[in-house]
Amino acid sequence: MQAESLLEGLTEPQQAAVRHTDGPLLVLAGPGSGKTRVITRRAAFLARTVARPEQILAITFTNKVAAEMAERMARLGVGRGLTCSTFHAFCARLLRTYADRAGLNPNFSIFDEADQAAAMRSAVQRAGLSTENYSPARMLEAVGRCKNDMILPEECARTATDFAGRAVAAIYEQYQAVLAAQNALDFDDLLVRAALLLGEDPRLRDALQERFRYVLVDEYQDTNHAQYLIARGLSLDHRNLCVTGDPDQSIYAWRGANIGNILRFEEDFPDARVIRLEQNYRSTPQILRAAGSVIRRNRGRKPLELWTSNADGPPVRVVQCESGEQEAAFVASEIRAHAEAGGTFGQVAVFYRTNSLSRQIETALQQARISYQVARGVAFFQRREIKDVLAYLKLIVNPADAVALTRIINVPARGIGDATVAALLKQAEAAGRPALELAASPEEIPGIRAAAAARLRAFAGLIAEARATARQGSVRDTVEHVVRHSGLIAGWGRDESGEELENVQELIHAAGAFDRRRAGEADPGDRSEPLVDWLQEISLVSDVDAVDPQRGAVTLMTLHAAKGLEFDLVFITGVEHGLLPHERSLQQPGDLEEERRLLFVGMTRARRALTLTWARWREQRGALRRTSRSVFLKELPGEEVAWLKVGEDDRTRYDTPAGEAEDRPSFRAWPAGAMVRHPEHGLGRLERVEPAGRQTRAVVRFMDGQMRSFVLEFSELQSVDPDEIGDLDNARWEP
DNA sequence: CCGATCTAAATTTTT
DNA sequence: TTTAGATCGG
């Protein structure tokens, strides 16, 4: 395929982006503007004109996108030579390859959230503080914030001004010591250590820049400072850095993402070419205008003027339901109707702000016999039985991993109690030796009885045998060996459901798939251990990685996971105050804007039809709670939106006029005695309505006892449901 | 040391 | 609703 043919079917700005080869490039790409297409074509164009595929590095947000991109490149006929990876996977690979230069052992463990919590618990204790006052979760948050900003323990200590700050600094230092002793890195460390390595080792940086002549970073609006440094470090000299993104889709500030990275790209690279992709090929004008009307409320943004020449579609719908259950039933019945009209389940997605909302939807879809998939790849690896098996495997690779060891040394119960484990770990720390190694020679542990010593030795032998299997090279065989010889199966035996065994079988299956994949791309120069690679791969899976668009199933996912995807039919559920925006985002005004962007991302996933739903009653932690609709719903344009209610009688009613039904109910519908709210005077009760055409007045008695009269057409009176007032004493309203 | 049983606490989003 | 940690009898 010739390079010029890669420009076929592209618009003017898209072509400009593809044709740009050397020098910094910023592509501001609105939702649905063909960004993925442009990125792939551009990489192919580079490979056809100025570079070999091996010289191109593309960093994407999820493994799935990375794999898809490699696939597309192959289809464009430029082979699989280019490197497509996430930041975390790229850094992990880099740190294993150059472990000696990074001061690491190449078999380091990657600690997930639970591992981190365990490490943090002991770090707090080592700092001489109580985990009661310094909750590990809180401390991990604080330490994570430091790491995202590339603040090392020393700087953290130096800049601490108060007692709490000094405590965090001390804990941070201990936490890093705990990780180091276990030859482990957490997610953030992968980025921090890679950034440090690039900063401190100019020769390595040169070598990498020689290798990767063209660097591309997608979703640049969601990069944190460490990632920014890595991207810079990889392109400082050749300056062939292309970043793509959209500030309006930045949804990871809570994880340290710095929207300033993309907003200031032109200051960083004054000679940067900036290309804006503003034409939307995905959505109907109705969806686009509704989304635009919401995102417009955000301050301090670089607005993209989104437009589309797509055909009109149905109005965006806002549906008020009585309960979460009814909301789920409504969504299910709509999907069923879609299918009966000839649509497929694969075209449909249901989004929600928090994972806990998926349950009711799942139940309703099951009842309606609708096949679905939940984007929760990570959850599988968090199941107890899976974590147990993985802990055995991690220990094979990294005998210093005390978190893994502590987890399974007595699982299944083999008579090794807390006291023995504590003695083992204490001695391991004192001697600076891997805990597993010491378990193999327990005579070196002071105060250990013969019976306990024998059990420790047996355990160490178990792992040694499994390691021998691992050396044969098959991950599948190793997993099977562990499952068979660890005694875990007997421990699950009592649960008749057999769920654990099923899940572990799935794990074995996944290992087998990995073996086959690896055999397929056998690289004689690759001397990395398969088990190490597999453990790394599953440590870095993301929720969306589990989604298979070909499965013909409705996709359920959080709004965060939805980024970058598109569906014909989209339902966004739980659009309620406290849920979206989430109540924990109501403290700082900046957080509210991120919630708005989150909704924007969700809305712009829809191609043909978009439905936002909310429920007046929502079950949380088993208790029913009264809710109110999201403030964002009031930001929707009146003309584009159809407001619906699903009542207790289970029938759907259309309110008229469209868009006004919720905020300004038809006043005729107000009976005397109805509750109303006025922005200035607060709550009141409607005394009477005096009909006079457009001059119709409402007379309201307010809580202060005053009667006031308003011309309905101009008044800012709003209807209020009596039960929305909650525990207000109704008696005081009676004359 | 084991396991059953109870109580308390927690849920925002994720590589 | 689920889960982690504490407590206690065997």
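Numbers restart at 1 for each chain; the letters A, B, ... are given by sequence-line order, proteins then strands.
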So what does [X] hit on the nucleic acid, given a heavy-atom distance under 4.0 Å: a base, only sugar-phosphate, or nothing?
| X | answer |
| --- | --- |
| A:Ser585 | nothing |
| A:Arg597 | nothing |
| A:Ser542 | sugar-phosphate |
| A:Asn410 | sugar-phosphate |
| A:Ala89 | nothing |
| A:Glu594 | nothing |
| A:Tyr252 | sugar-phosphate |
| A:Asp112 | nothing |

For [X] and [N], give me the distance from atom [atom1] to atom [atom2], rounded to whole Å.
| X | N | atom1 | atom2 | answer |
| --- | --- | --- | --- | --- |
| A:Arg384 | C:dT2 | CZ | P | 15 Å |
| A:Arg584 | B:dT12 | CZ | P | 4 Å |
| A:Gln227 | B:dT15 | CD | P | 12 Å |
| A:Lys147 | B:dT15 | NZ | C1' | 13 Å |
| A:Leu191 | B:dT14 | CG | P | 17 Å |
| A:Ile409 | B:dC1 | CD1 | C1' | 14 Å |

Exercise. Quick check, are the ring centers of A:Trp254 and A:His582 under 6.0 angstrom apart?
Worked result: no

Exercise. Ring centres of A:Phe61 and A:Tyr252 under 6.0 Å apart?
Worked result: yes

Counting only side-chain N and O atoms of [X], is one of them less than 4.0 Å from OP1 or OP2 of [N]?
| X | N | answer |
| --- | --- | --- |
| A:Thr558 | B:dT13 | no |
| A:Arg455 | B:dC1 | no |
| A:Ser539 | B:dT15 | no |
| A:Asn224 | B:dT15 | no |

Taking the side chain of [X] as heavy atoms from C-beta outward, which of [options] is closest to it?
| X | options | value |
| --- | --- | --- |
| A:Ala413 | B:dC2, B:dT11, B:dT15 | B:dC2 |
| A:Asn355 | B:dT13, B:dT11, B:dT12 | B:dT13 |
| A:His560 | B:dC1, B:dT14, C:dT1 | B:dT14 |
| A:Ala419 | B:dC1, B:dT15, C:dT2 | B:dC1 |

Problem set entry | Side chain to side chain, A:Asn410 and A:Val421, heavy atoms closer than 4.5 Å |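 No; the side chains remain at least 4.5 Å from each other.
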
Exercise. Taking the same atom, P, in B:dT13 and in C:dA4, what whole-Å distance lies between them?
Worked result: 15 Å

Seminar exercise, completed: Rounding to 0.5 Å, atoms CG (A:Leu580) and CD1 (A:Ile572) come to a distance of 7.5 Å

Seminar exercise, completed: Rounded to the nearest 0.5 angstrom, the CG-NZ distance for A:Leu535 and A:Lys394 is 7.5 Å

Exercise. Charged N to carboxylate O under 4.0 angstrom, A:Asp246 versus A:Lys35?
Worked result: no

